[in-house]
Amino acid sequence: MAELYIRVAEDENEEPMEIPSEDDGTVLLSTVAAQFPGACGLRYRNPVSQCMRGVRLVEGILHAPENDWGSLVYVVNYPKDNKRKMDEMDAASAVKMKRSIEKTSDLIILGLPWKTSEQDLKDYFATFGEVIMVQVKRDVKTGNSKGFGFVRFTEYETQSKVISQRHMIDGRWCDCKLPNSKVFNQCLGSPMRSRKIFVGRCTEDITTDELRQFFMQYGEVTDVFIPKPFRAFAFVTFADDQVASALCGEDLIIKGVSVHISNAEPKHNNSRSPSLAAMFDQTPYQYPSSHV
DNA sequence: GTTGAGCGTT
């Protein structure tokens with residue numbers, strides 16, 4: 001599809017602005033946000049049904065309905081807590097609620113045969129339900145399996161079933177459990193008022209632009225930082241601390257990689273996380289009063 | 001080129 005411009009407006013009755021598409025016909029959310037700061041998506045009125053329809057958004061990329069943007073006017077979506085008069089807590093509690101009801105987690109698989117590959121894992125676990133991520137942990141130098149890995153399912157019922165039994169994989173009995181990091185996270189108390197999140201388990205091919213485009217869907221992103229040289233983590237700062245705290249504890253999938261979101265800790269700090277310190281120490285962790 | 005309880009390059 002040749003490069004073209006699509007018509008975007010704040011509101012159906014406002015004058016539209018022309019916004020460029022990419023070579024493949026998609027439109028980047030970041031392009032929209034450049035003109036409409038805080039935008040998190042697009043919608044349009046379907047000429048046939050007269051209903052508003054949402055535009056497909058995958059990892060920061062907006063896809064044309066029916067592969068053709070046409071001459072329709074697309075209307076900007078904003079995060080609910082920006083536009084509507086919602087209670088202060090709603091954005092955060094909505095995510096937390098969703099998580100507590102039926103949110104899947106990465107599961108650790110212990111005892112894998114050395115030869116088992118990610119494809120083997122995917123083939124095996126697909127018999128239980130839809131798999132959205134598998135990993136075999138390997139020695140970075142030799143590439144040899146460390147004998148354990150991770151799996152993530154779409155459906156919570158699938159996860160429950162998989163946890164409830166042992167698994168014969170390539171001739172060995174393996175256990176699937178909630179990883180320790182998860183168990184601790186469930187004990188996390190009140191979130192701190194930080195607008196910055198720590199994005200752990202990043203791979204080297206994930207760029208700052210991709211992080212920005214991905215996290216835009218949750219709220220306005222004001223900063224992305226990736227340490228160099230590569231250290232497998234990044235920081236993302238939102239305009240709204242509610243968005244940041246709502247994401248803490250989540251495992252999100254970016255470019256097929258499961259990254260882990262936690263609160264960005266203060267720089268000078270002992271190696272133990274606040275939640276661990278709070279659990280094992282008598283003295284509660286003191287959150288810093290001013291922290292960006 | 002080995003191994004067999006564990007926990008994902010903060």
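Being a predicted model, the structure only gives us computed values, none of them experimental. Every chain is numbered from 1, with letters handed out A, B, ... down the list of sequences.
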Which nucleotides of nucleotides 4-10 of chain B have their base under 4.0 Å from a protein heavy atom (B), which only their sugar-phosphate (S), and which neither (-), written as one string 5' to 3'?
BBBBBBB
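- When the C1' atom of B/dG1 is taken as reference, atom CG of A/D139 falls 14 Å away, rounded to whole Å.
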Hey, can you pull the donor-acceptor pairs under 3.5 Å for the side chains in residues 227-236 of chain A, sequence neighbours left out?
none

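- Under the rule for a side chain to side chain donor-acceptor pair (under 3.5 Å), A/R212 has no partner lying at least two apart in sequence or in another chain.
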Show the atom names and distances, to 0.1 Å, of all donor-acceptor pairs under 3.5 Å that link a side chain in residues 48-62 of chain A to residues at least two apart or in another chain.
| from | atom 1 | to | atom 2 | distance (Å) |
| --- | --- | --- | --- | --- |
| A/S49 | OG | A/C51 | N | 3.2 |
| A/Q50 | NE2 | A/P47 | O | 3.1 |
| A/E59 | OE2 | A/K255 | N | 3.0 |

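- Residue pairs meeting the salt bridge (Lys or Arg N to Asp or Glu O under 4.0 Å) criterion with at least one partner in residues 131-146 of chain A, sequence neighbours excluded, are absent.
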What pairs of donor and acceptor atoms, side-chain ones from residues 165-172 of chain A against any protein atom, are under 3.5 angstrom apart with sequence neighbours left out?
| from | atom 1 | to | atom 2 | distance (Å) |
| --- | --- | --- | --- | --- |
| A/H167 | ND1 | A/Y124 | OH | 2.7 |
| A/H167 | NE2 | A/V162 | O | 2.7 |
| A/H167 | NE2 | A/Q165 | O | 3.3 |
| A/D170 | OD2 | A/T116 | OG1 | 2.7 |
| A/R172 | NE | A/G111 | O | 3.0 |

